[in-house]
Amino acid sequence: METAMKNAEIARIFSEIADMLDFLGDSPFRVRAYRSAARYLMDMEEPIERVAEGGEKALDELPYIGHDLAAKILEYLATGRVRKHEELKKQVPPGVLEVMRVPGVGPKTAKLLYDELGVDSLAAFKEALESGRVLELPGFGEKKRARLLHNLELVEAAGRRRPLGEVLWVARALVERLEQLPQVEHAALAGSARRYKETVGDLDLLAASRRGRAVTDAFVRFPEVDEVLLSGASRATVFLKTGLQVDLKIVEPDAWGSGLQYFTGSKDHSIHLRTMALDRGLKINEYGVWKGARRIAGKTEEEVYSALGLPWIPPPLREDRGEIEAAQAGALPELVQLDQIKGDLQVHSTWSDGKATLEELAAAAAERGYAYLAVTDHSPAVRVAGGVPPEKVAERIAAIRAVNEKTGGRPYLLAGAEVDVLPDGRLDYPDEVLAQLEIVLVAVHAHFSLDRQRQTRRILKALENPYVHVLAHPTARHLGKRDPIEADWEKIFETARALGKAVEIDGYYARLDLPDTLARRAGELGLTVSLSTDAHAVDHLRFMELAVGTAQRAWLGPDRILNTRNLKELQNWLEAVRG
DNA sequence: GCCGTTTTCGGCCCGACTGTTTTCAGTCG
């Protein structure tokens with residue numbers, strides 16, 4: 001399988017260059033050029049070194065990459081560094097970039113904080129906010145101080161945790177590399193990433209080998225590794241060039257199952273299991289299940305669970321949220337699987353802010369074996385997203401139909417929209433426009449801070465519109481950047497249920513919205529759940545795996561999921577909603 | 001720094017929101 005590790009490394013360098021230029025007051029257009037290139041590199045699945053085989057010319061042909069950045073990519077691939085990046089780092093204190101990551105702090109504020117108060121780290125920023133020293137600065141008042149303090153705490157709470165989707169594919173690449181080592185019998189991703197937890201602090205990898213030292217020796221020499229924290233016979237901890245911490249543990253092949261169980265966690269789940277074991281006169285550790293000095297299980301995870309009289313429990317359920325009791329009762333839920341998904345129910349095209357044309361989306365969906373794809377471009381209120389004005393909707397629908405004509409409807413593109421919910425709950429398209437669309441999603445994109453009551457009323461009103469099918473990314477959160485909006489979800493779910501409408505799990509890696517716990521509640525209340533990627537580029541379609549992982553963490557089975565249905569069934573459902 | 005039925009320099013999205021301000025700067029999307 002292809003891996004795109006270098007893409008992430010170069011993206012990080014370009015993104016840091018952008019931040020530093022921004023701080024130094026360079027041209028905002030140059031800053032944006034670096035940011036766009038970084039984002040493009042992160043989005044692309046093809047390894048950049050593969051493109052680079054075609055030389056500077058091939059790189060130059062990529063969007064957002066011109067003569068200059070092509071040269072910098074080649075420089076990085078040849079030397080492992082970019083001179084401009086190194087030079088800027090001498091001019092900008094590293095902590096300043098952290099401060100700029102606090103929402104509400106841009107380059108101007110960061111510069112002011114640094115020049116006037118010497119703020120060069122998050123800690124110094126926090127001190128300046130708490131002591132009130134910031135109030136000396138022009139443009140700073142009490143409200144701003146309080147807001148920035150809150151945002152700082154948000155960033156701190158997110159800590160070094162990263163969205164799962166930022167690291168999952170990196171993890172897979174490392175696992176493959178481990179599997180190729182001759183001393184390694186198996187390798188796997190463990191930890192919270194295996195459980196599809198929305199954010200991960202570090203990566204936990206497990207390898208089975210009789211020669212641990214040789215494995216860690218090889219591992220710390222992987223080209224992605226920047227710094228080695230420790231390396232021994234049974235474990236190694238490193239930092240990758242992307243700043244990500246990776247722990248590798250090695251167990252004997254006979255202990256593979258117990259090692260995998262132990263390092264997958266969660267901690268609460270494992271503690272619960274160990275307590276159960278003690279009640280039966282057994283002991284569990286990472287080396288096996290023990291009866292006295294005799295090992296009675298450990299080669300596979302199935303064996304470990306079976307030793308406790310339990311069926312194997314899928315990792316996304318392992319949070320000690322009732323899964324062990326359910327397993328004991330033989331009542332583990334059937335979970336939806338990625339290969340049961342027949343289509344993606346929220347994607348954006350070049351008609352609004354997507355990077356892919358309708359034709360490109362159709363081709364990418366066909367490649368994934370999808371039967372259908374809902375093209376749901378933005379409505380005009382989301383200005384930054386180039387929303388489609390109502391008078392252009394008919395033209396857009398015609399363009400979608402034309403693609404279906406051409407492809408024979410394989411996959412079938414549904415003419416949809418992601419319609420903004422205005423602050424008072426009215427929708428951003430009139431009913432006669434909504435009526436022309438085959439699928440209508442509604443979503444909040446602004447006015448996040450309405451109080452709970454007004455926010456709830458706003459969403460209920462949107463759901464009550466007879467043309468609406470799905471409430472998309474309901475909480476509007478952005479991992480590590482924006483809190484979920486406050487609303488009475490119980491009431492919203494009950495209303496959606498009564499109206500026969502669906503709620504969404506948006507699988508875009510920075511959203512994962514509904515979050516797992518709310519999605520579980522939605523499932524318990526009998527709601528239909530729509531899975532999507534919110535793709536703005538064809539490569540984003542891969543985030544369906546994250547939507548499915550989140551659905552699994554929410555205990556959702558295929559019968560709860562709207563897009564496990566075939567096209568005809570989906571169309572029947574869409575029509576039935578409108579009565 | 002990218003891009004171009006403008007091929008070579010000038011344009012690059014720009015309005016809403018917030019908090020602070022007496023008319024606006026900074027940030028965000």
Problem - Sugar-phosphate, base or nothing in reach of A:Val105, heavy atoms under 4.0 Å - result: sugar-phosphate
Exercise for the section: Determine the contact category for A:Lys111: base if any of its heavy atoms lies under 4.0 Å from a base atom, sugar-phosphate if only primed atoms, P, OP1 or OP2 are that close, otherwise nothing. Expected result: nothing
Is the phosphate of [N] approached by [X] (side-chain N or O, under 4.0 Å from OP1 or OP2)?
| X | N | value |
| --- | --- | --- |
| A:Ser36 | B:dG1 | no |
| A:Arg482 | B:dG29 | yes |
| A:Arg30 | B:dC12 | no |
| A:His67 | B:dC2 | no |

Which whole-number value in Å describes the distance from [X] [atom1] to [N] [atom2]?
| X | N | atom1 | atom2 | answer |
| --- | --- | --- | --- | --- |
| A:Arg35 | B:dG1 | CZ | C1' | 13 Å |
| A:Asp420 | B:dA16 | CG | P | 14 Å |
| A:Leu450 | B:dC17 | CG | C1' | 13 Å |
| A:Glu56 | B:dG1 | CD | P | 13 Å |

Distances under 3.5 Å between protein N/O atoms and the N/O atoms of nucleotides 18-25 of chain B, please, pair by pair.
| residue | atom | partner | partner atom | Å |
| --- | --- | --- | --- | --- |
| B:dT20 | OP1 | A:Gly141 | N | 2.4 |
| B:dT20 | OP1 | A:Gly141 | O | 2.9 |
| B:dT20 | OP1 | A:Glu142 | N | 3.3 |
| B:dT20 | OP1 | A:Lys144 | N | 3.3 |

For [N] versus [M], give the span between their [atom1] atoms, rounded off to a whole number of Å.
| N | M | atom1 | value |
| --- | --- | --- | --- |
| B:dT20 | B:dC13 | C1' | 25 Å |
| B:dG1 | B:dT5 | C1' | 24 Å |
| B:dT8 | B:dC3 | C1' | 11 Å |

Heavy-atom pair of closest approach, residues [X] and [Y]:
| X | Y | result |
| --- | --- | --- |
| A:Thr475 | A:Pro515 | CG2-CD, 3.9 Å |
| A:Ala417 | A:Tyr429 | CB-CE1, 4.0 Å |
| A:Ser349 | A:Leu361 | CB-CD1, 3.7 Å |
| A:Glu142 | A:Leu135 | N-CD2, 4.0 Å |
| A:Leu413 | A:Leu358 | CD1-O, 4.0 Å |
| A:Pro411 | A:Ala366 | CD-CB, 3.8 Å |

Exercise for the section: Output the single nucleotide from B:dC12, B:dG26, B:dC2 whose closest atom is nearest the side chain of A:Thr109. Expected result: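 Of B:dC12, B:dG26, B:dC2, B:dG26 is nearest to the side chain of A:Thr109.
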Handout entry: Close aromatic pair by centroid cut-off 6.0 Å: A:His473 and A:His478
Key = no
Pairs under 3.5 Å (N/O, protein and nucleotides 3-9 of chain B):
| residue | atom | partner | partner atom | Å |
| --- | --- | --- | --- | --- |
| B:dC3 | OP1 | A:Tyr64 | N | 2.7 |

Problem - Residue closer to the 5' end of DNA chain B, A:Lys72 versus A:His445 (nearest nucleotide) - result: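 The residue closer to the strand's 5' end, by nearest nucleotide, is A:Lys72.
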Handout entry: Heavy atoms from other residues, nucleotides or ligands near NZ of A:Lys111 exceed 12 (cutoff 6.0 Å)
Key = no
Practice task
Verify whether one side chain among A:Asp488 and A:Thr456 offers a donor that lies under 3.5 Å from an acceptor in the other.
Solution key: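 Looking only at side-chain atoms, A:Thr456 and A:Asp488 do not form any donor-acceptor pair under 3.5 Å.
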